[in-house]
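For reference, the structure I am asking about is given below.
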Amino acid sequence: MSKPVVTIIGSLNCDLVTFTNKVPQGGETYTANSFETHQGGKGLNEAIAVSRLSPTNKIHTRMIGKIGKDDFGKNLKNCLIESGVDTTYIEEIENISSGVAVIIVESNGENRILITPGTNGELKPTDEEYSKYFKDIDIGFVVLQNEYPDTAKTIDWLKLNKPNINIAYNPSPFKKELITNEIWSKIDLLIVNEGEALDVAKHLLPKTKINEDVKGFENLTIEIQKLINQSNIKTVIITMGSKGSLFHDGNTTTKPRFIESKKVENVIDTTGAGDTFFGGVVSNLALGKKIEDAVEFATIASSLAIQKKGAAEGIPTYEEVLKNL
Ligand code: RIB
C-alpha cells in the first residue's frame, strides 16, 4: 500500500531570536540575555512536525515554498531534508532574500514576532503549477496557514480539482479578509486558538453569544464546525493554551471533547508550539488514528516543544512523544 501524502504549502523563515527578561519600550535600550538563530516559519515548522511526529518513512511529507539564494535559504532547505521532508518543490529565487522573523522571547517563554516575508511573498502558484504539484495525488492532507499571499487561491483550487484531499487550515497570522463563509465552507480540518475562535465568531457568527469559559468555547466549537465543509474529516479543534483543547466533528450524538494540556513547570520558548500541535494532529490523522488519539499525541508533542529553544529545532520526534504519552 502506498504511503499517505501530506503536503505543506507556506512559509520558511530564518528566526532571529533574542532571549530577554524585559522588552524595551520605544526609545529605550535594554541588554538582553542571549541571541540565537533558528529555523522557522509556520510552513516549515508544520512540515517538520508532520515528518518528525510520524514513525520513520510512514508518511510522504512534502513542502511547497520559496527561499532566496542566500545562507538563510540553504539552512532552511537543509533543515527540511534532515527531517525527512521532500523538498522537490522548494524553489530558490534570485534577488529576493529568504523570509525572516525577528523574535523576542521573554523569561516566561512568551514570544513577540515580527515577520519580513521576503521570498514567502512570492509564493503564488499558477493553475499549471498546482496541477504539477498534485499530479496523481487525490487523497491525503494539505496543510495551510496565512504566511503566504495565496491561501484563498490554494483552497479554491484544491476544493475544485481535488475535493477528497483534506484541507487542514490554521488561519494564522490573522487576516480579516480570509474570514468568509465561502472560504471556511471549503476547510476540512480547522485548528484555531481561543482568540482566533472569537474573531471568527465576531465575523461569521455575529448573533452567537459567547461566554469565555470552557462551556462557552464548547458551544463555539459546535457552531464553528457547522461553518466548515461537511464532507471529508469535518473537524474543528480549538486550542486553549495551558488549559487544553476542544474538538468536534459535528456528530450530533456526541458533544465536543476536551483534552487537558500537560502541565509544564519550566517553559523555555513557546515559539512554534502551535505548529507542532498542528503537525502532530495531521500526522496522526493521516495515519488513520482517531481524532482523540491525534489530539492527545499533539498535546504531548507541544508540551515537549515549549521546553526547548527554537521553533523547528524544538519539535520532538515520534519516539520522544511516545515515551511521554
Ligand atoms: O509559529 C511560529 C513561527 O511564526 C516562527 O517560526 C516564525 O518564523 C513565524 O513564522
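Atoms within each ligand, like the ligands themselves, are counted from 1 in listed order. Along the sequence shown, residues carry numbers from 1.
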With heavy-atom distances below 4.0 Å as the criterion, list the atoms of ligand 1 near Glu147.
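Checking each atom against Glu147, I get 4 (O), 9 (C), 10 (O).
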Can Lys234 and Asp188 be counted as an ion pair, charged N to O under 4.0 angstrom?
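Looking at Lys234 and Asp188, the cut-off is not met.
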I'd like to check whether Ser11 has a polar contact with ligand 1, where a contact means an N/O of the residue lying under 3.5 Å from an N/O of the ligand.
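No; the residue has no nitrogen or oxygen that sits under 3.5 Å from a nitrogen or oxygen of the ligand.
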Search all heavy atoms of Gly99 against all heavy atoms of Asn120 and return the closest pair with its distance.
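Result for this residue pair: CA-ND2, 3.6 Å.
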Show, in sequence, the C-alpha distance, side-chain angles and deciding distance for Thr271 and Asn111, and conclude whether the side-chain hydrogen bond (donor to acceptor under 3.5 Å, both in side chains) test is met.
CA-CA 6 Å; Thr271 315; Asn111 61 48; 3.2 Å; yes
Taking only heavy atoms of Ala311 into account, list the atoms of ligand 1 that are under 4.0 Å away from them.
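This gives 6 (O) as the contact atoms.
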Does an N or O anywhere in Gly41 fall below 3.5 Å from an N or O of ligand 1?
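So ligand 1 has an N or O lying under 3.5 Å from an N or O of Gly41.
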Give the atoms of ligand 1, by number and element, whose distance to some non-hydrogen atom of Gly40 is under 4.0 Å.
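Near Gly40, meaning under 4.0 Å from one of its heavy atoms, ligand 1 has 6 (O), 8 (O).
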Numbered atoms and elements of ligand 1 in range of Ala101, under 4.0 angstrom, heavy atoms
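The list of qualifying atoms is 7 (C), 8 (O).
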How far is atom 2 (C) of ligand 1 from its nearest protein heavy atom, and which residue and atom is that?
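So the nearest neighbour among protein heavy atoms is Asp275 OD2, 3.3 Å.
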Side-chain contact test, heavy atoms from C-beta onward, threshold under 4.5 Å: evaluate it for Glu212 versus Glu194 and give yes or no.
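They are not in contact (no side-chain heavy atoms under 4.5 Å apart), so the answer is no.
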Any idea how Trp157 and Tyr130 line up, ring-wise: parallel (<30°), tilted (30 to 60°), or perpendicular (>60°)?
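Rings of Trp157 and Tyr130: parallel, under 30°.
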More than 12 heavy atoms of other residues, nucleotides or ligands under 6.0 Å from CD of Glu28: is that the case?
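It does: Glu28 CD has more than 12 such atoms within range.
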Please identify which atoms of ligand 1 are closer than 4.0 Å to at least one heavy atom of Asn45.
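Answer for ligand 1: 2 (C), 3 (C), 5 (C), 6 (O).
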Salt bridge check, Glu260 against Lys243: does any charged N sit closer than 4.0 Å to a carboxylate O?
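Not counted as a salt bridge, because no side-chain N and carboxylate O are separated by less than 4.0 Å.
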Within the 4.0 Å heavy-atom shell around Lys42, which atoms of ligand 1 are there?
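Within the 4.0 Å cut-off of Lys42, ligand 1 contributes 1 (O), 2 (C), 3 (C), 4 (O), 10 (O).
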What protein heavy atom sits nearest atom 6 (O) of ligand 1, and how far away is it?
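Here the nearest protein heavy atom works out to Asp15 OD2, 2.7 Å.
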